[in-house]
Amino acid sequence: NKKEFLFLFSWTIIPLLILFAFSLVIKPIFVLRYVLLSSLPFYLIVSRSMENLSRYKKRILIPAILALFLPVLLIQHNLDTKDDWSGISHFIKNDIQKDEGIIILAYYEAIPFSYYFSPECFSQINLTDCLHEEGVHPLKYVNDLEKIRYVNKTWLILSRTELEPESREILKLIYEDFEIKSKKKFRLNEDSKILDKFQFFLQKNDYRFFNEIEVQYLARKENHNKKA
């Protein structure tokens, strides 16, 4: 009936509108996991609608829906579209020295990085504190730069930095104190020529579909060393 439909429709659309408005005005939080709850009423509406269709229409619609969603599922479960955190971890581990630190922007990328770089910290409840003790610094706020005040050489991991205004501000301040000595990009699976061409096409048209991680090796500028 109408009341049930309106209830389910409101349950679907209102949380999405709230998240969209919040992301637009205050801070971007429109992330998939935050809208999962809204998918339940949506599926109920869809299943009820399909139940009322004729057998002929179902035979056309169901294969059409499968054809639409199967490519998405294949992409989600294809390793070519996953960030190479294992490769990044091994790349840094092979060259990092005892007196060097690691900075991670955006801060939440410390979770997949720590899974490979520091399994002991990954299993801890307070992941950030554990990583700080090991010289790994996921920086969330500008004030967090104090944690690298006495670091003269550091590795900088940039992933989804453009999505976080605070991360962009932190990056500007880092570049005021440090200079880039070397850098390496990790773009999905390096052997995937088709996806590589597809990503190049998207970036050429100012649209990024897949993530691109860059690892930079930084050294503190000489004038800042003297000030310190």
Side-chain angles (χ1 to χ4, degrees), residues 19 22-34 82-187 208 210-228:
L19 283 173
F22 189 91
S23 299
L24 200 63
V25 177
I26 303 174
K27 181 182 179 181
I29 59 168
F30 202 89
V31 182
L32 180 61
R33 63 177 178 270
Y34 297 146
K82 305 303 178 198
D83 296 330
D84 187 16
W85 288 108
S86 175
I88 292 166
S89 173
H90 286 104
F91 174 72
I92 294 176
K93 274 185 176 181
N94 288 337
D95 291 322
I96 194 169
Q97 303 299 315
K98 287 184 179 180
D99 59 339
E100 296 173 350
I102 299 173
I103 301 170
I104 303 176
L105 294 173
Y107 69 93
Y108 49 76
E109 297 288 44
I111 298 173
F113 176 72
S114 65
Y115 179 82
Y116 296 99
F117 188 83
S118 179
E120 299 82 10
C121 284
F122 180 80
S123 61
Q124 296 295 317
I125 295 175
N126 200 328
L127 172 64
T128 305
D129 286 349
C130 181
L131 288 174
H132 282 319
E133 290 178 7
E134 294 198 5
V136 181
H137 309 289
L139 304 183
K140 186 175 182 180
Y141 304 109
V142 171
N143 291 340
D144 290 339
L145 285 167
E146 185 66 23
K147 295 167 183 173
I148 62 164
R149 184 178 178 184
Y150 299 106
V151 175
N152 291 320
K153 294 180 181 179
T154 185
W155 297 82
L156 174 62
I157 301 173
L158 300 175
S159 177
R160 297 181 171 86
T161 311
E162 70 279 359
L163 302 178
E164 296 286 335
E166 193 84 10
S167 293
R168 295 198 297 269
E169 183 62 28
I170 292 171
L171 190 58
K172 287 180 183 178
L173 295 172
I174 288 174
Y175 287 152
E176 287 180 7
D177 291 348
F178 291 86
E179 58 184 343
I180 302 172
K181 294 297 185 180
S182 64
K183 59 184 178 180
K184 178 178 173 62
K185 289 184 178 180
F186 291 80
R187 294 185 297 169
R208 175 172 284 183
F210 298 121
N211 187 36
E212 181 178 83
I213 301 174
E214 184 169 303
V215 177
Q216 299 177 355
Y217 182 66
L218 309 179
R220 194 175 290 275
K221 295 176 181 177
E222 289 186 12
N223 57 328
H224 289 274
N225 262 324
K226 290 175 181 178
K227 288 179 183 179

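The first residue in the sequence is number 1, and the count goes up from there.
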What is the minimum heavy-atom distance between [X] and [Y], and which atoms define it?
X      : Y      : answer
Gln216 : Tyr175 : OE1-OH, 2.8 Å
Ser118 : Leu131 : CB-CD2, 4.4 Å
Tyr107 : Leu139 : CB-O, 3.6 Å
Glu100 : Asp95  : OE1-O, 4.1 Å
Glu179 : Lys221 : N-CG, 4.2 Å
Glu214 : Lys185 : OE1-CE, 3.0 Å

Salt-bridged, Asp83 to Arg160, with N to O below 4.0 Å?
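Here Asp83 pairs with Arg160 in a salt bridge, since their nearest N and O are under 4.0 Å apart.
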Supply the atom-to-atom distance [X] [atom1] to [Y] [atom2], rounded to the nearest 0.5 angstrom.
X      : Y      : atom1 : atom2 : value
Trp155 : His137 : CH2   : NE2   : 15.0 Å
His132 : Ile148 : NE2   : CD1   : 11.0 Å
Ile104 : Ser167 : CD1   : OG    : 11.5 Å
Ile103 : Lys147 : CD1   : NZ    : 12.0 Å
Glu120 : Glu133 : CD    : CD    : 12.5 Å

Do the non-hydrogen side-chain atoms of [X] and [Y] ever get within less than 4.5 Å of each other?
X      : Y      : result
Leu158 : Ile213 : no
Phe178 : Leu156 : no
Tyr116 : Ile88  : no
Ile102 : Ile157 : yes
Val136 : Ser114 : no

When you measure from the centre of the six-membered ring of Phe117, is the NZ or CZ of Lys93 closer than 6.0 Å and no more than 45° off the axis?
yes
Could you tell me whether a side-chain N or O of Arg220 sits under 3.5 Å from a main-chain N or O of Thr154, the two making a donor and an acceptor?
no
Can a donor-acceptor pair be found, under 3.5 Å and without considering hydrogens, that links the side chain of Thr161 to the backbone of Leu105?
yes
Please determine whether side chain to side chain contact (heavy atoms under 4.5 Å, CB included) holds for the pair Phe113 and Ser159, giving the CA-CA distance in whole Å, both sets of side-chain angles, and the decisive distance to 0.1 Å.
CA-CA 11 Å; Phe113 176 72; Ser159 177; over 6 Å; no
One pair to check against side chain to side chain contact (heavy atoms under 4.5 Å, CB included): Ile111 and Phe122. What are the steps and the verdict?
CA-CA 7 Å; Ile111 298 173; Phe122 180 80; 3.9 Å; yes
Step by step, work out the side chain to side chain contact (heavy atoms under 4.5 Å, CB included) result for Asp99 and Asn152.
CA-CA 8 Å; Asp99 59 339; Asn152 291 320; over 6 Å; no
Test side chain to side chain contact (heavy atoms under 4.5 Å, CB included) on Leu145 and Asp177; report intermediate values, then the result.
CA-CA 11 Å; Leu145 285 167; Asp177 291 348; over 6 Å; no
Counting only heavy atoms not in Phe91, do more than 12 fall under 6.0 Å of its CZ?
yes
Tell me if the NZ atom of Lys153 is crowded by more than 12 foreign heavy atoms within 6.0 Å.
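No, NZ of Lys153 has 12 or fewer neighbouring heavy atoms, counting only those of other groups under 6.0 Å.
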